[in-house]
Asks: 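Structure below; questions to follow.
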Protein chains: 2
Amino acid sequence: MSNSVSDVIEYYLKQNLNESRSGEIEIKRNELADLFQCVPSQINYVISTRFTIEKGYFVESKRGGGGYIRIRRVCLDDEAEHFVDCLNQIGQSIPQVTAEHLITRLLESRMMDRREALLMKRLISRETLQLPVHLRDQVRARMMRMLVTTLFTNRGE
Amino acid sequence: MSNSVSDVIEYYLKQNLNESRSGEIEIKRNELADLFQCVPSQINYVISTRFTIEKGYFVESKRGGGGYIRIRRVCLDDEAEHFVDCLNQIGQSIPQVTAEHLITRLLESRMMDRREALLMKRLISRETLQLPVHLRDQVRARMMRMLVTTLFTNRGE
DNA sequence: TACAAAAGTCAAAGTTAGTCAAAGTCAGCA
DNA sequence: TGCTGACTTTGACTAACTTTGACTTTTGTA
């Protein structure tokens with residue numbers, strides 16, 4: 001399934017990450033590029049397309065002598081801020097438009113895919129809920145909180 | 001039977017699908033076009049006319065270096081009937097356990113993925129809805145109908 | 001400070017696959 | 001015959017993803 005060099009490098013890095021007990025690996029860009037016979041900047045490409053924060057990775061690096069690239073798999077603690085932000089915005093009651101914006105942001109930050117976002121927007125709509133405004137906004141808030149909690153604790157793939 | 005190039009390609013692909021233990025094959029569009037001496041876009045034609053979701057196939061692809069077209073056989077007999085069956089089962093009101101069973105069946109038939117099923121089960125739960133029983137079962141029914149409709153009309157994102 | 005040794009950036013080139021509409025084929029029928 | 005409509009074939013154009021390399025920035029050390 002993995003045909004491109006980028007895919008192979010991605011697999012290699014994730015393999016190493018899984019084997020490291022600390023959930024963190026440190027590489028030398030040039031050494032890796034050498035190992036996979038590619039230009040050093042391809043390592044940057046792989047990292048920027050496959051090890052993004054949205055996908056649950058945090059990357060640090062340092063240039064110069066003794067430089068490195070460190071990749072860490074982030075767990076809930078590191079995302080807690082974003083997670084809490086979302087929950088705070090939702091509160092105990094949320095109108096449809098606000099919820100729709102939040103869903104769009106979650107989609108844009110790759111926390112959900114298009115189908116999930118579409119489904120979610122339909123589920124929290126006035127038409128689906130068909131309840132008095134006050135009650136409707138409260139049910140919608142509980143649904144949104146459940147969405148965010150699920151997204152943050154059960155990452156796809 | 002017929003022996004148009006498209007028919008030959010269709011036969012070739014289905015043959016390969018049958019032989020693959022995983023029920024899934026991966027091809028390179030250009031290689032196939034080369035093999036059958038046709039333009040690459042004819043592969044798209046064959047796929048779009050013979051490997052539709054209605055006929056029980058799910059197709060994914062990726063462009064660029066290492067690109068591919070992946071065809072998977074999905075086990076679903078008669079689409080429309082299944083869709084209508086689901087809607088009938090839901091009706092205007094549905095209790096939590098019944099809805100959960102339906103979600104599990106949708107998951108098993110690959111209409112949804114694990115995370116979507118998990119999310120959906122949480123969304124339709126007593127805890128999330130927190131409404132009087134009769135109202136709750138009605139809201140749940142509308143949510144389930146929306147789920148099924150979305151799944152059947154918005155295949156794979 | 002100067003230099004060397006890292007890593008970063010960015011855009012061009014390369015590699016696939018997708019879309020769409022025009023043209024071609026063929027069978028059935030008035 | 002020759003028309004019609006469904007299906008197939010073709011290719012120009014588009015979109016998405018990857019690879020490459022020239023140039024830049026940062027950092028440690030002599």
Side-chain angles (χ1 to χ4, degrees), chain A residues 1-14 16-17 24-55 57-72 107-108 110 113-115 156-157, chain B residues 1-14 16-17 24-55 57-72 154-157:
Chain A
M1 304 295 188
S2 300
N3 275 338
S4 67
V5 174
S6 291
D7 289 338
V8 175
I9 296 173
E10 173 191 8
Y11 183 78
Y12 170 84
L13 291 175
K14 290 189 173 172
N16 280 24
L17 258 173
E24 173 178 314
I25 56 173
E26 204 171 284
I27 60 174
K28 294 262 182 193
R29 191 179 76 150
N30 288 347
E31 282 178 12
L32 244 207
D34 229 47
L35 180 58
F36 290 104
Q37 315 254 31
C38 64
V39 294
S41 61
Q42 181 147 14
I43 306 303
N44 295 87
Y45 174 72
V46 172
I47 287 175
S48 67
T49 55
R50 289 136 159 100
F51 293 88
T52 63
I53 185 63
E54 291 84 5
K55 294 186 175 177
Y57 298 92
F58 182 66
V59 181
E60 297 166 287
S61 63
K62 205 174 93 175
R63 309 185 189 191
Y68 59 81
I69 297 177
R70 187 181 305 153
I71 304 176
R72 199 173 53 196
L107 173 62
E108 283 168 355
R110 304 219 220 173
D113 62 33
R114 288 240 292 286
R115 186 172 78 164
E157 272 166 331
Chain B
M1 293 303 177
S2 180
N3 46 14
S4 68
V5 175
S6 290
D7 289 337
V8 176
I9 296 173
E10 173 190 9
Y11 181 77
Y12 171 83
L13 291 175
K14 291 190 172 170
N16 279 25
L17 257 173
E24 174 177 313
I25 56 173
E26 206 171 282
I27 61 174
K28 295 260 182 194
R29 191 180 77 151
N30 288 348
E31 281 179 12
L32 246 206
D34 230 47
L35 181 59
F36 291 104
Q37 314 257 28
C38 63
V39 293
S41 62
Q42 180 146 14
I43 307 302
N44 295 86
Y45 174 71
V46 171
I47 286 175
S48 66
T49 55
R50 292 139 158 96
F51 293 87
T52 64
I53 186 65
E54 290 81 4
K55 296 186 176 175
Y57 298 93
F58 183 69
V59 180
E60 298 166 286
S61 64
K62 200 177 103 175
R63 307 183 190 190
Y68 58 79
I69 297 177
R70 188 180 303 156
I71 305 176
R72 201 168 66 218
N154 297 79
R155 266 0 151 90
E157 120 230 52

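Numbered from 1 within each chain, the chains take letters A, B, ... in sequence-line order.
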Asks: Mapping A/E60 and B/V59 to their closest nucleotides on DNA chain C, which lands nearer the 5' end?
Replies: A/E60
Asks: Between P on C/dA5 and CD1 on A/I69, what's the gap in Å once rounded to a whole number?
Replies: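 Rounded to whole Å, this separation is 18 Å.
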Asks: Between A/Y12 and A/F36, is the ring centroid distance below 6.0 Å?
Replies: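 Yes - the distance between ring centres of A/Y12 and A/F36 falls below the 6.0 Å cut-off.
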Asks: Heavy atoms, side chains only, cut-off 4.5 Å: are A/L13 and A/I27 in contact?
Replies: yes
Asks: Under 4.0 Å between a side-chain N or O of A/K62 and OP1 or OP2 of D/dG28?
Replies: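 The answer is yes; a side-chain N or O of A/K62 sits under 4.0 Å from OP1 or OP2.
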Asks: Can you tell me how far C1' of C/dT16 sits from CG of B/L32, to the nearest Å?
Replies: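 Interatomic distance, CG of B/L32 to C1' of C/dT16: 14 Å.
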Asks: Is there a donor N/O on one and an acceptor N/O on the other, under 3.5 Å, for the side chain of A/R63 and the base of D/dT25?
Replies: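 Flag set: donor-acceptor pair detected.
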Asks: Using a 3.5 Å cut-off and no angle test, enumerate the donor-acceptor pairs between side-chain atoms of residues 59-67 of chain B and protein atoms at least two apart in sequence or in another chain.
Replies:
unit_1, atom_1, unit_2, atom_2, d
B/K62, NZ, A/D7, OD2, 3.4

Asks: Check every atom of C/dA7, D/dT10, D/dT19 against the side chain of A/V5 and return the nucleotide holding the closest atom.
Replies: D/dT19
Asks: Round to a whole Å and report the spacing from OH of A/Y68 to C1' of C/dG8.
Replies: 15 Å
Asks: Is any side-chain heavy atom of B/I69 closer than 4.5 Å to one of B/E26?
Replies: no
Asks: Nearest to the side chain of A/R29, heavy atoms from C-beta on, is which of C/dT19, D/dG11, C/dA7?
Replies: C/dA7
Asks: Pick the nucleotide of DNA chain D nearest each of A/G65 and B/G65; which residue has the one closer to the 5' end?
Replies: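 Per heavy-atom nearest nucleotide, the more 5' residue is B/G65.
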Asks: Answer yes or no: does a side-chain N or O of A/S61 lie under 4.0 Å from OP1 or OP2 of C/dG8?
Replies: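 Result: yes.
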Asks: Would you kindly give the CZ-to-C1' distance between B/R70 and C/dA17, to the nearest whole Å?
Replies: 14 Å
Asks: For DNA chain C, what residues of residues 41-49 of chain B have any heavy atom nearer than 4.0 Å?
Replies: B/S41, B/N44
Asks: Within the structure, does a side-chain N or O atom of A/R50 lie under 4.0 Å from either OP1 or OP2 of D/dT18?
Replies: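 So the side chain of A/R50 is within the cut-off, an N or O lying under 4.0 Å from OP1 or OP2 of D/dT18.
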Asks: So A/F51 and A/L17, do their side chains get closer than 4.5 Å, heavy atoms only?
Replies: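 Of all side-chain heavy-atom pairs linking A/F51 with A/L17, at least one is under 4.5 Å.
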Asks: Rounded to whole angstroms, how far apart are CD1 on B/I71 and P on C/dG18?
Replies: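 Result: 10 Å.
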Asks: Give the minimum heavy-atom separation between B/K14 and B/Y57, together with the two atoms involved.
Replies: CE-OH, 3.4 Å
Asks: With the side chain counted from C-beta on, respond yes when B/Y68 and B/R29 share a heavy-atom pair under 4.5 Å apart, and no when they do not.
Replies: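 In short, these two side chains do not touch, never coming nearer than 4.5 Å.
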Asks: Just N and O in the side chain of B/S6: are any of them under 4.0 Å from OP1 or OP2 of D/dT9?
Replies: yes
Asks: Check whether any side-chain nitrogen or oxygen of A/K28 sits under 4.0 Å from OP1 or OP2 of C/dA5, and answer yes or no.
Replies: no
Asks: At 4.0 Å (heavy atoms only), tell me whether B/G64 reaches a base, stays on the sugar-phosphate, or touches nothing.
Replies: base
